[in-house]
Novice: 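If you scroll down you'll find the structure; I have some questions about it.
Since the model is a prediction, treat every value here as computed from it, not as a measurement. By convention in this document, chain letters (A, B, ...) are assigned in the order of the sequence lines, proteins followed by strands, and residues within each chain are numbered from 1. Only this structure's heavy atoms are used, side chains among them; waters, hydrogens and symmetry mates stay out.
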Protein chains: 2
Amino acid sequence: MAETGIDGTLEDRGPCSAGHSGSGLIKDVLARIGDKWSLLVIGMLDAGPQRFTALHRNVTGISHRMLTHTLRQLQRDGLVSRTSYPEIPPRVEYEVTPLGRTLIEPVLGLVRWADAHHDEIQQSRAAYDAEL
Amino acid sequence: MAETGIDGTLEDRGPCSAGHSGSGLIKDVLARIGDKWSLLVIGMLDAGPQRFTALHRNVTGISHRMLTHTLRQLQRDGLVSRTSYPEIPPRVEYEVTPLGRTLIEPVLGLVRWADAHHDEIQQSRAAYDAEL
DNA sequence: CCGCATCCTGAGGGATACTG
DNA sequence: CAGTATCCCTCAGGATGCGG
């Protein structure tokens with residue numbers, strides 16, 4: 001089994017307290033995709049370019065503030081591009097970048113895993129909660 | 001491109017406000033692996049069974065409290081098993097379950113992605129931060 | 001229509017000390 | 001050595017309102 005990856009690449013090899021430079025690493029990527037909304041937004045944008053309001057409608061529970069913020073982060077990381085059309089009223093379209101698209105694939109791996117095993121997990125949780 | 005997955009499986013198809021039952025879905029899986037420590041712990045345990053103190057030493061920045069808590073969650077989800085040996089002093093060993101091992105693979109997909117693209121991301125961030 | 005600033009609450013998570 | 005409980009603080013993130 002390839003144990004080459006996890007402890008060799010996930011870990012920082014050093015005190016992460018100071019957030020030093022060095023390896024850079026996965027932690028901030030996890031921080032990005034692990035947050036509450038990024039994946040949902042990317043998932044929505046995967047269906048095609050969308051304007052702000054459309055996203056706000058489609059991403060179900062997201063607040064105005066968080067949508068803005070999430071889009072900013074994704075844009076900063078180069079996963080999503082923002083195009084503003086100087087009209088009245090203003091129109092802004094968001095789109096997944098090529099880099100962003102490459103992320104979708106590995107994420108789908110996780111999605112499939114979750115889909116395949118979430119009932120096992122449910123059972124395990126039920127069993128665990130039962131024995132007290 | 002398989003856009004079959006993301007918006008069809010990530011999303012709840014309904015107001016997630018009430019945390020209703022229905023699809024179950026990936027969100028709680030993401031919540032598990034998206035948290036600060038779970039993946040690090042699993043990564044460590046991937047190298048073989050370990051006792052509490054060993055983990056505490058190896059997982060770099062984790063606090064006593066969070067290690068306990070994380071292990072409990074993983075155990076509850078059936079990703080990690082706990083074996084307690086009734087000795088003095090007590091000895092407890094943690095180990096990745098078969099289910100837990102199946103998780104490692106898709107996670108490695110993400111790890112590889114992060115590894116392959118984190119410099120692009122860094123550049124993108126730098127570029128973004130420059131233009132103000 | 002879109003974005004930013006402000007305020008406020010609650011969950012996450014660290015430090016510490018106490019039990020078995 | 002392993003686990004639990006308590007305290008406290010930080011910050012993600014929701015609500016709202018103004019500006020462009």
Novice: Would you mind reading off the distance between A/Tyr94 atom OH and C/dC1 atom C1', rounded to a whole angstrom?
Specialist: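 After rounding, the reported distance stands at 11 Å.
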Novice: Which parts of nucleotides 6-20 of chain C does protein reach within less than 4.0 Å, heavy atoms only, written one letter per nucleotide 5' to 3' as B for base, S for sugar-phosphate only and - for none?
Specialist: B------BBB----B
Novice: In whole Å, I'd like the distance from the CG atom of A/Leu67 to the C1' atom of D/dA12.
Specialist: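 My rounded result for the distance is 16 Å.
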Novice: What residues, two or more places apart in sequence or in another chain, satisfy side-chain hydrogen bond (donor to acceptor under 3.5 Å, both in side chains) together with B/Asp129?
Specialist: A/Arg76
Novice: Nearest-Å distance, CD (B/Gln50) to C1' (D/dC1)?
Specialist: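 Atom CD in B/Gln50 sits about 15 Å away from atom C1' in D/dC1.
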Novice: Hey, which of these two, A/Pro89 or A/Arg72, hits DNA chain C nearer its 5' end, going by closest nucleotide?
Specialist: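 It is A/Pro89 whose nearest nucleotide is closer to the 5' end.
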Novice: Hey, mind stepping through B/Arg72 and A/Tyr128 against side-chain contact (heavy atoms from CB on, under 4.5 Å) and telling me if it holds?
Specialist: CA-CA 10 Å; B/Arg72 281 247 161 311; A/Tyr128 183 93; 3.3 Å; yes
Novice: How close or far is atom P of D/dT16 from atom NE2 of A/His56, stated in whole angstroms?
Specialist: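 The answer, rounded to whole Å, is 12 Å.
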Novice: Not counting sequence neighbours, list each pair that qualifies as a ring-ring contact (aromatic ring centres under 6.0 Å, His included) and has a residue in residues 98-117 of chain A.
Specialist: A/Trp113-A/His117
Novice: Strictly by modelled atom types, are A/Gln122 and A/Arg125 linked by a side-chain donor-acceptor pair under 3.5 Å?
Specialist: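 A/Arg125 and A/Gln122 do not have a side-chain donor-acceptor pair below 3.5 Å.
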Novice: Remember a base hit wins even if backbone is also touched, and classify B/Thr68 as base, sugar-phosphate or nothing at under 4.0 Å, heavy atoms.
Specialist: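 If one applies the 4.0 Å heavy-atom cut-off, B/Thr68 turns out to touch a base.
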Novice: May I ask you to decide if A/Asp35's main-chain N or O and A/Ser38's side chain share a donor-acceptor pair within less than 3.5 Å?
Specialist: no
Novice: Taking B/Thr70 for its side chain and B/Met66 for its backbone only, find out whether a donor-acceptor pair lies under 3.5 Å.
Specialist: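 Yes.
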